[in-house]
There are 2 protein chains.
Amino acid sequence: MKHPARNPFADDLSVGQVASRSGIAVSALHFYEAEGLIRSRRNAGNQRRYPREVLRRVAIIKVAQRTGIPLKTIREAFKALPQERTPTADDWSRLSAAWKAELEHRIDRLTRLRDHLTDCIGCGCLSVRSCPLHNPWDELGKQGAGPRLLDPD
Amino acid sequence: MKHPARNPFADDLSVGQVASRSGIAVSALHFYEAEGLIRSRRNAGNQRRYPREVLRRVAIIKVAQRTGIPLKTIREAFKALPQERTPTADDWSRLSAAWKAELEHRIDRLTRLRDHLTDCIGCGCLSVRSCPLHNPWDELGKQGAGPRLLDPD
DNA sequence: GCTTGACCTTAACCTTACTTGAGGTCTTAT
DNA sequence: ATAAGACCTCAAGTAAGGTTAAGGTCAAGC
């Protein structure tokens, strides 16, 4: 084992250690750094050294990504924190509440879509004028650009 | 208005007509054709002419996409139909049932994630060993590639 | 018969989120 | 002291799902 942190006084983590602890590839960590999502110090040999709190930051990034938040937005959220600090418990509380709302919105949209799909299975209605999944575009398209009644985003 | 289908005998649609009726850009229709999702005949002047059923096909493509099905998969589904016909009511029934299952799976995953997020808001637990959103990676990462307990796909 | 708008093709570009490769350096165990 | 393995940078590639541009043709109305 050649990891620097064998030394108990060096609390810092190498990029490889962060990778193995976070489950994120080294290349992805480089990428996050280039995108301004995480930062590192360098040792004498120009290698990255991360404070432990980077693990927390990375954990937040992963959670946010799974809710469908783009990296750009995560970066903005981090930047908006005082001193661009790594989110505290309190910061996390606010961030996660906002992202949860986002997530619920997405769930709602998918659920509505599923319900329409449920109604339409077996009715063959894609061929019929009254189908809510199909008809709007065909009927209303005549009046210009196609309205997307079910996908108002 | 210069649309060819002024002529009541020409039931076929030009690409522009399909675009305005379906709400899909002409460039996207070209793209779908190149990807094998739709087909067209050509008139004497090499312009695309679509039978009306293309609207049905396109409607199905849009619905499938909104459930998160990639184009590649949609194409496979179409190819699997007898004679690669445009889906009949019956075909649609089977396709939409399969896609609905997919959709429900996605909703489930997002819902689980939301529930974890709900539990974690305000608990500050991202900093604590017991947090299900954070801990696994930090703790288990030591044993190799990071497990993603909440994202088993 | 000419202008205009719809259409054609091919190729390049876009965004997001990374990975891969090439060529070179550091660190650490032995 | 040396070899292995971890690390460095920078450029290019990948995937999906298109859009945009360039250069040219076709069709319809006046």
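What's counted below: heavy atoms across the whole structure, side chains too, no hydrogens, waters or symmetry copies. Below, chain A is the first sequence line, B the second, and so on; all start at residue 1.
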Any side-chain N or O of [X] below 4.0 angstrom from OP1/OP2 of [N]?
{"X": "A:Arg48", "N": "D:dC8", "answer": "yes"}
{"X": "A:Arg42", "N": "D:dT9", "answer": "yes"}
{"X": "B:Asn43", "N": "D:dC26", "answer": "no"}

Identify the pairs formed between an N or O of the protein and an N or O of nucleotides 17-20 of chain C at a distance under 3.5 Å, and give each distance.
residue: C:dA17; atom: OP1; partner: A:Leu71; partner atom: N; Å: 3.4
residue: C:dA17; atom: OP2; partner: A:Leu71; partner atom: N; Å: 3.2
residue: C:dC18; atom: OP2; partner: A:Tyr32; partner atom: OH; Å: 3.0
residue: C:dC18; atom: OP2; partner: A:Gln65; partner atom: OE1; Å: 3.2
residue: C:dC18; atom: OP2; partner: A:Gln65; partner atom: NE2; Å: 2.7
residue: C:dT19; atom: OP2; partner: A:Ser27; partner atom: OG; Å: 2.3
residue: C:dT19; atom: OP2; partner: A:Ala28; partner atom: N; Å: 3.1

Please state how far atom [atom1] in [X] lies from atom [atom2] in [N], giving the value in whole angstrom units.
{"X": "A:Asn46", "N": "C:dG23", "atom1": "CG", "atom2": "C1'", "value": "16 Å"}
{"X": "B:Gln17", "N": "D:dA28", "atom1": "CD", "atom2": "P", "value": "12 Å"}
{"X": "B:Arg41", "N": "C:dC7", "atom1": "CZ", "atom2": "P", "value": "16 Å"}
{"X": "B:Leu13", "N": "C:dC7", "atom1": "CG", "atom2": "P", "value": "11 Å"}
{"X": "A:Gln47", "N": "D:dC7", "atom1": "CD", "atom2": "C1'", "value": "4 Å"}
{"X": "B:Glu33", "N": "C:dC8", "atom1": "CD", "atom2": "P", "value": "8 Å"}

task = Could I get the full list of side-chain hydrogen bond (donor to acceptor under 3.5 Å, both in side chains) partners for B:Ser40, not counting sequence neighbours?
result =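 In terms of side-chain hydrogen bond (donor to acceptor under 3.5 Å, both in side chains), with neighbours along the sequence ignored, B:Ser40 is linked to B:Glu33.
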
request  = Report the residues that fulfil side-chain hydrogen bond (donor to acceptor under 3.5 Å, both in side chains) with A:Glu102, sequence neighbours left out, ordered by chain and then residue number.
outcome  =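 A:Glu102 satisfies side-chain hydrogen bond (donor to acceptor under 3.5 Å, both in side chains) with no residue once adjacent residues are dropped.
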
ask   = So, for B:Gly16 and B:Val26, which heavy atoms are closest and what is the spacing to 0.1 Å?
value =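 Smallest interatomic distance, heavy atoms only, reads CA-CG2, 4.3 Å.
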
Minimum heavy-atom distance between A:Asp12 and A:Pro51, given as atom pair plus value =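 Scanning both residues, the minimum pair turns out to be OD1-CA, 3.8 Å.
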
task = Give me the bend of the helix from C:dG1-D:dC30 to C:dT30-D:dA1, using the axes of the five pairs at each end, rounded to 10°.
result =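 Taking five pairs per end, the axes differ by 10°.
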
ask   = What residues form a salt bridge (charged side-chain N to carboxylate O under 4.0 Å, His left out) with A:Arg106, not counting sequence neighbours?
value =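 Partners of A:Arg106 under the salt bridge (charged side-chain N to carboxylate O under 4.0 Å, His left out) test: none.
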
Keeping [X] on the side-chain end and [Y] on the backbone end, is there a donor-acceptor pair under 3.5 Å?
{"X": "A:Arg57", "Y": "A:Leu37", "result": "yes"}
{"X": "B:Ser93", "Y": "B:Ala89", "result": "no"}
{"X": "B:Thr73", "Y": "B:Ile69", "result": "no"}

message = Whether B:Arg41 engages the ring of B:Tyr50 as a cation-pi pair (distance to the six-membered ring centre under 6.0 angstrom, angle to the ring normal within 45°) should be assessed.
response =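 Pair B:Arg41/B:Tyr50 does not count as cation-pi.
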
Review item, nucleotides 10-14 of chain D N/O atoms under 3.5 Å of protein N/O:
none

key: Stepwise side-chain contact (heavy atoms from CB on, under 4.5 Å) check, A:Phe78 with A:Ile38   = CA-CA 9 Å; A:Phe78 282 166; A:Ile38 59 179; 6.0 Å; no

message = Show, in sequence, the C-alpha distance, side-chain angles and deciding distance for A:Leu71 and A:Ile61, and conclude whether the side-chain contact (heavy atoms from CB on, under 4.5 Å) test is met.
response = CA-CA 8 Å; A:Leu71 291 184; A:Ile61 293 170; 4.1 Å; yes

